[in-house]
Structure formats: structure tokens, C-alpha cells
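Before any comments, here is the structure.
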Number of protein chains: 2
Amino acid sequence: MTDNQTDSNDKAKRHQERMQQRKEIVDAAIARADEERGVVIVLTGDGKGKSSSGFGTALRCLGHGYKVAIVQFIKGTWECGEKNFLTESVFRGASPQLEYFVMGTGFTWETQSAEQDKAAAEKVWEECEHVFRDPDIHLVLLDELTYMLNYKYLDKDRVIAAIQNRPRNQNVIITGRGAKKYLEDLADTFSEVKAVKHAFNAGVKAQKGIEW
Amino acid sequence: MTDNQTDSNDKAKRHQERMQQRKEIVDAAIARADEERGVVIVLTGDGKGKSSSGFGTALRCLGHGYKVAIVQFIKGTWECGEKNFLTESVFRGASPQLEYFVMGTGFTWETQSAEQDKAAAEKVWEECEHVFRDPDIHLVLLDELTYMLNYKYLDKDRVIAAIQNRPRNQNVIITGRGAKKYLEDLADTFSEVKAVKHAFNAGVKAQKGIEW
């Protein structure tokens with residue numbers, strides 16, 4: 001064997017050893033995590049990607065054949081790519097896997113009426129509340145819920161109670177900026193999306209398909 | 001009018017004024033952002049939700065009728081909810097909107113061979129490279145690309161060049177932990193997902209539909 005071949009074999013061996021150690025760490029962590037139950041995931045922060053992440057996970061659940069409920073608290077007045085695709089492909093298909101609830105008033109700085117927003121938020125909450133009693137629903141996505149709580153359009157104790165009393169295997173995803181400490185306490189997984197850089201601030205126009 | 005009614009009217013008026021101010025700020029920011037072009041979005045950090053976010057945005061683009069290319073660099077050996085749903089609903093439907101590329105070797109600590117991983121990464125990169133010359137593809141999702149770059153399975157200059165020379169209106173999303181400074185420089189939008197809390201660390205088992 002030449003020196004080069006020996007070097008290359010040594011390198012492959014070191015890589016294999018490092019990856020074997022890594023595998024043992026990963027496998028041990030997987031073995032330790034043995035509690036089977038649904039989780040509450042909160043995605044907050046000022047960065048881009050929170051709602052998209054919730055919709056991506058909903059897609060993944062649908063892909064596995066699970067039932068999903070999506071409750072959209074803000075984008076009701078926007079044209080909405082996710083809804084087009086989900087309704088076109090799932091509602092028209094054979095599978096009634098998806099329940100979809102949308103609050104129809106748009107952003108609170110568009111309506112400019114707290115009373116009107118509050119009534120709309122309460123209406124959609126009442127419509128969707130049964131999903132927290134349905135063990136067949138694997139995932140409930142509460143998209144942009146934080147604003148409803150922070151503006152006090154929804155009573156936080158009522159929301160927390162519905163989530164805490166849900167079926168044991170049901171998962172909940174909550175998205176929106178400014179999630180408060182009580183949501184961190186409620187969450188099993190809490191991710192904060194930090195905007196390091198945003199195209200919008202560099203003068204790039206919001207785009208169909210990317211921003212909405 | 002009673003005192004209570006006056007208070008309530010004053011409160012509604014103050015809310016309306018605050019929201020009007022907010023609307024003016026939002027509208028002015030929208031007016032300033034007038035450059036129309038595709039963007040590069042990087043989602044990095046150790047928190048949950050990066051790939052899901054990329055898939056959610058892909059879903060949104062599909063919902064608007066755009067063509068999308070998804071290149072998945074790591075989850076090839078996992079059963080994959082997104083792929084089930086996307087292939088079932090889009091490939092079987094009338095619309096050939098989606099191109100899907102998957103690297104077949106799984107996690108690098110599963111194969112434990114850098115050479116094998118490198119060959120697999122290069123193969124999928126060669127297969128997908130034409131999408132960066134196709135102006136009809138509105139979004140390219142490079143899922144878990146950062147690992148390929150950090151392990152040097154793909155040549156970063158080649159990857160950066162393909163992205164920089166892409167059609168003007170094409171968008172690119174890159175996901176994965178540990179995105180380096182050159183990806184921040186390349187990005188228009190760079191979000192870091194921070195894990196404040198994770199169910200897995202509290203002993204909750206990874207779940208179908210949620211984790212994969």
C-alpha cells in the first residue's frame with residue numbers, strides 16, 4: 001500500500017469511529033425517550049417560517065393517513081395557497097382527513113375594531129372546540145393563536161383548559177409571535193424563530209407562494 | 001350616555017387609532033419593498049420546525065399552481081409523511097407540478113461511510129441541477145442541505161454558483177442545522193430556529209406524523 005492509500009484508509013476508519021459514537025449517542029437518546037403521548041409544540045419569534053412549519057407538519061400527518069384540524073386565526077382575508085392546495089387535493093379526494101376553520105376578519109390593523117375581532121375569534125373558537133374532544137384527530141394546528149391571546153380576544157384560561165384536557169395522543173401546534181410564559185409552560189416543545197435577516201427589509205416585495 | 005358607555009367608546013376609539021397607526025406603518029413598509037425577484041431563504045438552528053417550514057412553503061406554492069422542486073438530502077431511508085402525501089395527491093392528480101429528488105443513504109451516522117455518502121450526495125445534486133436553469137420552477141427546496149456542505153459531501157462553490165445563477169424569479173429554501181456565514185451572505189432571509197424546550201429531552205418518544 002502507498003502512503004496515500006494508508007492515509008485514506010485511516011481517514012475512513014476515523015470517520016467510521018466518529019459516526020459509530022454518534023450513532024450510539026443518538027440510539028441511547030431514542031431509547032430513553034419512551035413516553036408515548038401527544039405533545040404541544042409552540043413556534044414563536046419574529047422570524048419567517050412559523051406558520052409554514054405548522055402547515056408542513058399538517059401535511060406530514062395527512063401523508064401518514066391521520067386526521068388533522070387546522071384553525072387559522074389571521075389570514076382569513078388573504079388569498080391562501082395552503083388552503084387552495086389542501087381543499088383541492090384533500091377535500092376533493094376520497095379522504096375526509098381534514099377539518100378547516102378560518103377566522104374571517106384578517107389582521108387587527110385592517111379591521112381596526114377590537115369588538116369585531118373579538119367576536120370573530122370567539123366564533124371560530126366555538127366552532128373548532130369539539131376537535132379537542134375527538135381522539136381521532138391526530139393534530140390540531142392553531143395558526144397565529146398568540147395574537148388572539150395577546151390582544152385578549154380569546155380567554156387564555158379557556159384555551160389552556162381545552163388543550164390540557166385534550167385526548168392523550170392528540171398533538172397541538174401553536175404559532176405566532178410573542179408567545180408568553182404560560183404557553184412555554186404548556187408546551188412540550190417550544191421553538192423561537194429568530195429573524196437574522198429578512199428580504200422584506202432589503203426592499204424585496206412580498207411574493208405569492210412565499211409570503212402568502 | 002352612562003360613564004361606562006363613555007369609557008367603552010373611548011377605549012374603542014383608542015384601539016382604532018393605534019391600529020390605524022399600525023396600518024400606516026405596515027402599508028409604508030409594503031410600499032417601500034418594491035423589488036420583484038426570487039429570494040434565498042435559509043432556515044437553520046437547533047430548534048424543531050425547519051424542514052416542516054420548507055415543506056409548508058412548498059405546499060403553499062403548489063396551492064397557487066406553481067411548479068416546485070424538492071430535494072431531500074437526508075431522510076431518504078425514513079418513511080416520509082410529506083412524500084406520501086405529495087406523491088399520492090400531486091403525482092396521481094392531473095397536475096405535474098412537482099419534481100422530487102431524494103438522496104437514498106439516510107443519516108451519515110447510519111451509513112458510517114463518508115465516501116458512500118459523498119457519492120450519494122453528488123448523484124442527487126447532478127440529478128437536480130437542471131432545476132436551477134428552469135424558470136418555470138418557482139421554488140426549489142434544498143432540505144437538510146447544510147449537512148452536505150458542512151461534511152464537505154458537496155462542493156460549496158458549485159452549490160453557491162448554481163443558486164446565484166438561477167432564474168431571477170426562482171426562490172430557494174435551504175434547511176438544516178449549522179448554516180455557515182457564506183449561507184447567511186447568500187441568503188435574503190435567514191431565520192435561526194432556537195430550541196427553547198424539546199419534548200424529546202423530557203422523555204417523550206418521537207412520533208409518526210410529528211417527527212417524521
Side-chain angles (χ1 to χ4, degrees), chain A residues 12 15-16 19-20 22-23 26 32-37 39 41 43 47-49 52-53 55-57 59-64 66 81-82 84-85 89 93 108-110 112 114-115 138-139 171 184 187-200 202-206 208-210, chain B residues 12 15-16 19-20 22-23 26 32-37 39 41 43 47-49 52-53 55-57 59-64 66 81-82 84-85 89 93 108-110 112 114-115 138-139 171 184 187-200 202-206 208-210:
Chain A
H15 179 85
Q16 194 271 332
M19 291 303 125
Q20 178 57 30
R22 180 85 180 267
K23 180 170 160 57
V26 171
R32 268 196 312 276
D34 61 355
E35 191 187 347
E36 293 190 38
R37 63 171 174 82
V39 292
I41 298 169
L43 289 153
K48 187 171 166 53
S52 300
S53 182
F55 277 91
T57 306
L59 171 74
R60 179 183 280 159
C61 286
L62 292 167
H64 282 299
Y66 289 124
E82 293 98 344
N84 295 347
F85 184 71
S89 62
T108 196
W109 56 90
E110 297 289 345
Q112 303 185 9
E115 282 314 302
H138 190 70
L139 172 68
N171 300 281
E184 191 180 326
D188 298 288
T189 296
F190 189 98
S191 294
E192 193 190 333
V193 186
K194 216 178 113 193
V196 178
K197 206 171 170 184
H198 200 302
F200 190 65
V204 182
K205 198 169 173 176
K208 196 162 129 177
I210 303 300
Chain B
H15 177 86
Q16 193 271 330
M19 291 302 125
Q20 178 58 32
R22 180 84 183 266
K23 181 171 159 56
V26 172
R32 268 197 311 277
D34 61 354
E35 190 188 348
E36 293 190 39
R37 63 171 174 83
V39 292
I41 298 168
L43 289 153
K48 190 174 163 50
S52 299
S53 183
F55 277 92
T57 306
L59 173 73
R60 178 184 279 156
C61 285
L62 292 167
H64 282 300
Y66 289 123
E82 293 99 342
N84 294 347
F85 184 72
S89 62
T108 195
W109 56 89
E110 297 289 347
Q112 303 185 10
E115 281 313 302
H138 191 68
L139 172 68
N171 299 280
E184 190 180 327
D188 298 289
T189 296
F190 189 98
S191 294
E192 192 189 334
V193 185
K194 215 178 113 194
V196 178
K197 206 173 173 182
H198 200 300
F200 191 66
V204 183
K205 197 168 174 175
K208 196 163 131 176
I210 304 300

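A, B, ... follow the sequence lines: proteins, then strands. Residue 1 opens every chain.
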(request) To the nearest 0.5 angstrom, please state how far the CD1 atom of I41(B) sits from the NZ atom of K197(A). (result) 12.5 Å
(message) Counting only non-hydrogen atoms closer than 4.5 Å, does E115(A) touch chain B with its backbone (N, CA, C, O), its side chain (CB onward), both, or neither?
(response) neither
(request) Measure from the side-chain N and O atoms of S191(B) to the backbone N and O of K48(A), and report whether any donor-acceptor pair falls under 3.5 Å. (result) yes
(request) Mind listing the closest non-hydrogen atom pair of S52(B) and S53(A) along with its distance? (result) CB-O, 3.3 Å
(request) Could you tell me the separation between the NZ atom of K208(A) and the SG atom of C61(B), rounded to the nearest 0.5 Å? (result) 10.5 Å
(message) Heavy-atom pairs under 4.5 Å with chain B: which of I210(A), T57(A), L43(A) has the most?
(response) I210(A)
(message) Please classify the contact between H138(A) and chain B as side chain, backbone, both or neither, with a heavy-atom cut-off of under 4.5 Å.
(response) side chain
